[in-house]
Number of protein chains: 2
Amino acid sequence: MNSKDERPTKFRRSTSTRDTIMKAIIDWPGHFSAEELSGSLPSVSRASVFRTLAALQESTLICRVLVDGGTTRYRFGGGQHHHHLVCLECGEIQDIPDCDADEFSRRIASRHGYTIASHQLELYGYCSNCKTLD
Amino acid sequence: MNSKDERPTKFRRSTSTRDTIMKAIIDWPGHFSAEELSGSLPSVSRASVFRTLAALQESTLICRVLVDGGTTRYRFGGGQHHHHLVCLECGEIQDIPDCDADEFSRRIASRHGYTIASHQLELYGYCSNCKTLD
DNA sequence: CATTAATTGAGACTTTATCTCAATAGTGTA
DNA sequence: TACACTATTGAGATAAAGTCTCAATTAATG
Ligand SMILES: [Zn+2]
Ligand SMILES: [Zn+2]
Ligand SMILES: [Zn+2]
Ligand SMILES: [Zn+2]
């Protein structure tokens with residue numbers, strides 16, 4: 001699936017509700033919570049927002065960012081596998097396009113007898129702005 | 001902090017409540033949810049279990065495992081930084097003692113102007129048992 | 001247009017976690 | 001040991017996050 005195809009396999013019909021949600025996600029500046037997204041779309045039910053968010057995560061159209069402390073935020077994923085850099089001070093989230101995990105994965109997989117299907121990596125730290133303050 | 005010191009800096013007094021919780025965590029076979037831990041300790045309040053769990057995560061005495069799909073499980077961390085291998089079929093969770101993230105971290109850090117403080121990596125796949133079934 | 005099944009909305013419900021605050025109990029000092 | 005001080009706890013209220021139900025709506029197909 002490429003990033004222009006806004007309909008994951010799971011969806012069998014295209015609907016205006018989902019168009020509305022997708023547009024909001026793509027246009028959202030930065031990251032958002034499910035609740036924030038839902039709140040910004042009064043014409044769409046909460047259930048639909050959660051359903052769409054869940055379905056989109058199966059593709060890489062949406063990525064879930066695990067903010068330190070356990071809160072979950074989302075952002076448009078652009079259709080590319082990637083990881084995140086989260087600033088612990090200001091909360092900024094940057095995408096990291098490179099992924100080095102494959103070789104590591106293979107080594108671990110053979111050592112533990114696993115077949116690796118996916119992985120999740122998040123880096124936490126301080127952005128250039130925040131590390132010069134305090 | 002080493003794994004024998006069962007009192008993170010955040011705690012200023014040692015209490016029997018926390019001793020009870022720590023013992024349950026150390027003795028727990030495998031991973032558990034906050035609710036399961038709390039349920040197994042009727043003499044300890046839920047709030048104390050959550051408070052202790054949160055405090056212990058600041059050290060590596062407890063590690064939080066992010067199970068695919070968003071559920072959170074915990075396990076005794078042994079005081080060592082490590083990652084996890086989660087079986088998507090049976091839910092088994094293995095610790096991965098090696099961590100290759102440092103070099104990757106440094107490269108990303110300089111490229112994005114970040115100072116990296118920590119990271120989280122989880123691998124998802126199928127254990128040797130489950131991959132032969134189905 | 002009619003049929004069929006996917007999708008939706010509204011709200012109840014569940015799960016997970018945090019908060020409040022009075023009561024309890026460590027810890028250091030006398 | 002007794003006292004003062006304050007960290008910690010318990011119980012329950014509350015909040016946050018996500019799921020579920022089901023009748024009504026709507027896309028797709030012919
Ligand atoms: Zn991303
Ligand atoms: Zn990766
Ligand atoms: Zn672990
Ligand atoms: Zn690591």
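Each chain gets a letter, A, B and so on, in the order its sequence line appears, and its residues count up from 1. None of these values were measured; they are calculated from a predicted model.
Between the CZ atom of B:Phe32 and the C1' atom of C:dA17 there is a distance of 16 Å, rounded to whole Å. Across the protein-nucleic acid pair, B:Ile21 atom CD1 and D:dG10 atom P stand 7 Å apart, rounded to whole Å. Distance CE (A:Met22) to P (C:dT8): 13 Å, rounded to an integer number of Å. To the nearest angstrom, P of C:dA17 lies 8 Å from CZ of B:Arg64. Remark: C1' of D:dT29 and CZ of A:Arg12 are 15 Å apart, rounded to the nearest angstrom. Straight-line distance from the CZ atom of A:Phe50 to the P atom of C:dG11: 16 Å, rounded to whole Å. Rounded to whole Å, atom P of D:dA17 lies 14 Å from atom CG of A:Leu66. C:dT7 atom P lies 13 Å from atom CG of A:Asp19, rounded to whole Å.
Among the heavy atoms of the strands, none lies under 4.0 Å from B:Thr52. Here A:Ser43 lies in heavy-atom contact (under 4.0 Å) with sugar-phosphate atoms only. Contacts of B:Ala34 with the nucleic acid, taken as non-hydrogen atoms under 4.0 Å apart, involve only primed sugar atoms and P, OP1 or OP2.
Dashed line: the shortest gap from a side-chain N or O of B:Ser16 to OP1 or OP2 of D:dT8 is not under 4.0 Å. B:Ser48 has a side-chain polar atom (N or O) that falls below the 4.0 Å cut-off from OP1 or OP2 of D:dG10. An OP1 or OP2 oxygen of C:dT7 is reached within less than 4.0 angstrom by a side-chain nitrogen or oxygen of A:Arg18.
Checking A:Tyr74 against A:Glu36 by side-chain atom types alone, no donor-acceptor pair falls below 3.5 Å. Defined by atom type and a distance below 3.5 Å, a donor-acceptor pair is missing between the side-chain atoms of B:Arg75 and B:His31.
When each of C:dA17, D:dG10, C:dG9 is scored by its nearest atom to the side-chain atoms of B:Tyr74, the top-ranked nucleotide is C:dA17. The nucleotide whose nearest atom lies closest to any side-chain atom of A:Thr17 is, among C:dA10, D:dC5, C:dT8, C:dT8. Side-chain proximity of B:Arg13 to the nucleotides D:dA28, C:dG26, C:dG11 is greatest for C:dG26.
The pair A:Asp98-B:Arg111 meets the salt-bridge criterion, with a side-chain N (NZ, NE, NH1 or NH2) lying under 4.0 Å from an Asp/Glu carboxylate O.
In the interface, the side chain of B:Arg51 is not paired with the base of C:dT18 through any donor and acceptor atom under 3.5 Å apart.
For B:Arg46 and B:Thr15, each mapped to the nucleotide of DNA chain D holding its nearest heavy atom, the one lying further toward the 5' end belongs to B:Thr15.
In this structure, the ring of B:His119 has its center less than 6.0 angstrom from the ring center of B:His81.
A:Phe11 and A:Phe50 are assigned to two separate hydrophobic clusters, defined by single-linkage of ILVMFWY side chains at heavy-atom distances under 4.5 Å.
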